[in-house]
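Just so we're on the same page: letters track the sequence lines, and every chain starts at 1. What you see below is based on every heavy atom in this structure, not just the backbone, and it leaves out hydrogens, waters and symmetry mates. The shown structure was predicted, so the numbers you read here are calculated from the model rather than taken from an experiment.
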There are 2 protein chains.
Amino acid sequence: MTDKISERIPSAERREQILEAASRVFGERGYFGATTDQIAKAAGISQPYVVRMFGGKENLFVGVLSRSLERLLVAFTRTLEDWKAEGSPAAAAAVVSDGTPVAGGHGEIGRRLGLAYVNLIEDRGLLLSLMQAFSMGQDPTIGAKARDGFLAIYRLLRDEAGFTPEQTRSFLAEGMLLNTLLGLRLPDEYGRDEAATELLECTFRTKLELVLGVAAENGAASAPAKAQGA
Amino acid sequence: MTDKISERIPSAERREQILEAASRVFGERGYFGATTDQIAKAAGISQPYVVRMFGGKENLFVGVLSRSLERLLVAFTRTLEDWKAEGSPAAAAAVVSDGTPVAGGHGEIGRRLGLAYVNLIEDRGLLLSLMQAFSMGQDPTIGAKARDGFLAIYRLLRDEAGFTPEQTRSFLAEGMLLNTLLGLRLPDEYGRDEAATELLECTFRTKLELVLGVAAENGAASAPAKAQGA
DNA sequence: GTCTATACAGTGATAGAC
DNA sequence: GTCTATCACTGTATAGAC
């Protein structure tokens, strides 16, 4: 490795590498706290090249945000398509099987969408840069983009999953709690703090009961551990 | 105003001024993005004085976080005391009057706590610096403090409001959604975007129905407007 | 497509005066 | 209790070479 000059690769591919690195750095340090140099190093290229390719830090953040929203929309859309292809049983069931009033309430499709969401935000860069964007409403460019994205998700859920406005709101609330628990790294506290353990089991049992339903036999500890990752 | 030298005031008072200013700046720019100089200017004093009084940027952020969590805990504790003093009707009603499964679910005390929370996070500095802290789980000092604070709130709700773990989780989820809507400045979109309007009315009708219940007659527009503030 | 060099503006923290 | 001066870095963006 002469190491100084990176391999010459197509710009589309390089662009994706930079976005991936930027997602992590923006996530950890925030928009203002992240530096183009940190991003460049994370992507294995020079700082001026990052700036040149995106025209500036703000454009780069907008790129990261667009990519995150796009991935989210695609994940939800695919989940909905699969569900419909299987012959979606009725619309989203408003009432839960076991009578729990709050936790479920979104029916089978709600569980599937929730699972798709959890899988997506295991990418901590994506999770954290979304969270950053959601706290930047005051920024003219980024704030507007973030609001648009959030509303696009709201509409998708309401219009395609058959959720009522109330169900949509509740589903989003659950998602925002997941964001917070993972942002806080609360799974690190699993098994070491009574409240954390209870909250995590309660959350992930509900969210993942579809796939991990049988995991109750394997010991409940494996469910929250699933969310720790890198 | 000779303007160069600030009035000589007691350190406790100055400390509070700095925390208030820091809360706003950290909220808007994030921990890494905020500068001690911006905070100093917002507080109307010199940058070295800020550093000297708190011993460094990290201590200052921890101070801001402690203050925010303290205010939140106090607000909830007072709300609970008032409620109990009035002769709290049963425990937290698990079932809602109008049959809505998700929105309420926390009974009278849930509505009161929700209202106390909304009032508190009208302070955008507090809201945003909490949100920042909740995305910093990876930081050894700040992350640990943030987790502790979040769990303290969880325990308070569960143990003092009589919530089940499920109800507590659901209440927190609602709070995290509120954070996001306000962080995004979604109220700016009220009346200008169909989905935003619906989501806000749905959210604030539920949260504020206690105080603004009769406001349905004044036109629903006034409810979300309440949350915009400075 | 990718780099080095560099201009110009901050940035946290310390020293020490008043 | 509060400031000015200042150091040693770090940050974005541009110019221009390969």
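Distance from the side chain of Thr35(B) is smallest to dT11(C) among dT12(D), dT2(D), dT11(C). Among the nucleotides dA13(D), dT2(C), dC3(D), the one closest to the side chain of Gln47(A) is dA13(D). Comparing atom distances between the Lys57(A) side chain and each of dT12(D), dG1(D), dT14(C) picks out dT12(D) as nearest.
With salt bridges taken as basic N to acidic carboxylate O contacts below 4.0 Å, none links Glu70(B) and Arg67(B).
Within the 4.0 angstrom heavy-atom criterion, base atoms lie near Ser46(B). Using a 4.0 Å heavy-atom cutoff across all strands shown, Glu58(B) reaches no nucleic acid atom at all. If you check every strand for non-hydrogen atoms under 4.0 Å, Ala34(B) touches sugar and phosphate atoms only.
Straight-line distance from the OH atom of Tyr31(B) to the C1' atom of dT11(C): 13 Å, rounded to whole Å.
Between Thr36(A) and dA13(D) there is no side-chain N or O to OP1 or OP2 distance below 4.0 Å. A sub-4.0 Å separation between OP1 or OP2 of dT2(D) and a side-chain N or O of Ser6(B) is absent. A close approach under 4.0 Å does not occur between any side-chain nitrogen or oxygen of Arg52(A) and OP1 or OP2 of dG1(C).
Contact annotation: the side chain of Tyr31(A) never approaches that of Gln132(A) to less than 4.5 Å [non-hydrogen atoms, C-beta and beyond]. Using a 4.5 Å heavy-atom cutoff, the side chains of Phe54(A) and Val62(A) are not in contact.
Heavy-atom distances to DNA chain D give each of Gln38(A) and Pro48(A) a nearest nucleotide, and the one nearer the 5′ end belongs to Gln38(A). Looking at which nucleotide of DNA chain D each of Arg29(A) and Val51(A) is closest to, the 5′-most match is held by Arg29(A).
Judged purely by distance below 3.5 Å, without hydrogens or angles, the side chains of Tyr154(A) and Glu198(B) pair a donor atom with an acceptor atom.
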